[in-house]
Asker: 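One structure, pasted below without further comment.
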Amino acid sequence: SDAPTAVAAIALAAGSWDGVLSMAGSRAVRHALDYRHPYRDYGDAGMVKLMDGLLKAMRQKGAQHLMVEAAEALTPRQRATAYAVAAEIMRSDGPLQADERNILTKLATTLELTAADTETVLAVMDVLHADVVAD
């Protein structure tokens, strides 16, 4: 698998970690990828084709296996980006739930990221997704 497909695979697995790709999950995945190079050059048809292929692969192999395969195609820098994208997708619908934290921990292990790498990302997500109006 090439790096763009691998990062998209991790994003998709993050958006459907519970085995279901909801409309909100689908939107979060597209939002996380659409503005990035090279995805912004794919157009709608290209993105649909990419996602359809990855969904099929995920149904056959499972999200965890898809993540493991994807990790093998990425450089350390791309692995860190893939983790941040996954965290952003999971955080987009509110604070991380226990099972989402577990998935991210497994993903970090799969991607061979250090605790320092992941703690920074999660701290930034907390700031990025904080409510603007405090109670």
Side-chain angles (χ1 to χ4, degrees):
S1 157
D2 60 355
T5 303
V7 171
I10 289 170
L12 182 67
S16 53
W17 58 267
D18 56 358
V20 178
L21 184 64
S22 64
M23 281 302 291
S26 180
R27 269 198 304 274
V29 170
R30 286 295 300 265
H31 177 75
L33 297 178
D34 275 351
Y35 70 93
R36 294 174 196 276
H37 178 76
Y39 310 104
R40 65 174 177 243
D41 303 327
Y42 287 12
D44 271 349
M47 283 301 287
V48 167
K49 185 175 180 222
L50 174 64
M51 288 297 144
D52 281 351
L54 290 173
L55 274 168
K56 192 173 170 184
M58 193 167 64
R59 278 194 294 269
Q60 290 169 346
K61 302 171 185 179
Q64 187 66 33
H65 191 73
L66 194 67
M67 285 188 194
V68 170
E69 275 187 5
E72 292 168 359
L74 300 174
T75 66
R77 174 83 180 159
Q78 289 167 332
R79 288 173 181 218
T81 297
Y83 179 86
V85 168
E88 182 180 20
I89 289 165
M90 288 191 177
R91 193 70 174 72
S92 66
D93 63 350
L96 291 173
Q97 304 301 311
D99 39 14
E100 290 173 320
R101 286 190 182 280
N102 288 339
I103 297 286
L104 285 173
T105 300
K106 283 183 188 153
L107 179 59
T109 302
T110 301
L111 294 172
E112 299 173 357
L113 297 174
T114 66
D117 294 330
T118 60
E119 284 163 12
T120 302
V121 169
L122 296 179
V124 168
M125 291 303 151
D126 285 344
V127 173
L128 187 63
H129 291 280
D131 290 334
V132 175
V133 179
D135 298 19

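Basis for what follows: all heavy atoms, side chains included, without hydrogens, waters or symmetry-related copies. Residue numbers run from 1 in the order of the sequence given.
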Asker: Once rounded to the nearest 0.5 Å, what's the spacing between atom CG of L111 and atom OH of Y83?
Answerer: 9.0 Å
Asker: Between L21 and M58, is there a shared hydrophobic cluster once you connect ILVMFWY residues whose side-chain heavy atoms come closer than 4.5 Å?
Answerer: yes
Asker: Please report, to 0.1 Å, the donor-acceptor pairs under 3.5 Å made by any side chain of residues 45-56, with sequence neighbours excluded.
Answerer:
none

Asker: Grab the two heavy atoms, one from A84 and one from V121, that are nearest each other, plus how far apart they are.
Answerer: CA-CG1, 3.8 Å
Asker: At their closest point, which heavy atom of D41 faces which heavy atom of H37, and how far apart are they?
Answerer: OD2-ND1, 3.2 Å
Asker: Can you see which heavy atom on A28 is nearest to which on I89, and at what distance?
Answerer: O-CG1, 3.8 Å
Asker: Write down the atom of A87, the atom of L122, and the distance for their closest heavy-atom approach.
Answerer: CB-CD2, 4.1 Å
Asker: Mind checking side-chain contact (heavy atoms from CB on, under 4.5 Å) for Q97 and listing every partner two or more places apart, or none if nothing turns up?
Answerer: D99, E100
Asker: Passes side chain to side chain contact (heavy atoms under 4.5 Å, CB included), H129 versus E88? Steps please.
Answerer: CA-CA 9 Å; H129 291 280; E88 182 180 20; 4.3 Å; yes
Asker: According to salt bridge (charged side-chain N to carboxylate O under 4.0 Å, His left out), does anything in residues 115-127 pair up with another residue at least two apart or in another chain? List the pairs.
Answerer: R91-D126
Asker: Strictly by salt bridge (charged side-chain N to carboxylate O under 4.0 Å, His left out), give each pair with a member in residues 58-69 just once, sequence neighbours left out.
Answerer: K61-E69
Asker: Main chain of M23, side chain of S26: is a donor-acceptor contact present, judged purely on distance under 3.5 Å?
Answerer: no
Asker: Check R30 with D44, please: is the shortest side-chain N to carboxylate O separation under 4.0 Å?
Answerer: yes
Asker: Scan V85, L74, T81, T110 and name whichever one has a side-chain contact (heavy atoms from CB on, under 4.5 Å) with I10.
Answerer: L74
Asker: With sequence neighbours excluded, tell me which residues meet side-chain contact (heavy atoms from CB on, under 4.5 Å) with D2.
Answerer: P4, T5
Asker: For E112, which residues count as a side-chain contact (heavy atoms from CB on, under 4.5 Å) partner, sequence neighbours excluded?
Answerer: R79
Asker: List the steps, then state whether side chain to side chain contact (heavy atoms under 4.5 Å, CB included) holds for T118 with L104.
Answerer: CA-CA 9 Å; T118 60; L104 285 173; over 6 Å; no
Asker: Would the number of heavy atoms belonging to other residues, nucleotides or ligands and lying under 6.0 Å from NE2 of H31 be above 12?
Answerer: no
Asker: Starting from the C-alpha separation in whole Å, work towards a yes-or-no answer on side chain to side chain contact (heavy atoms under 4.5 Å, CB included) for M67 and I103.
Answerer: CA-CA 11 Å; M67 285 188 194; I103 297 286; 4.0 Å; yes
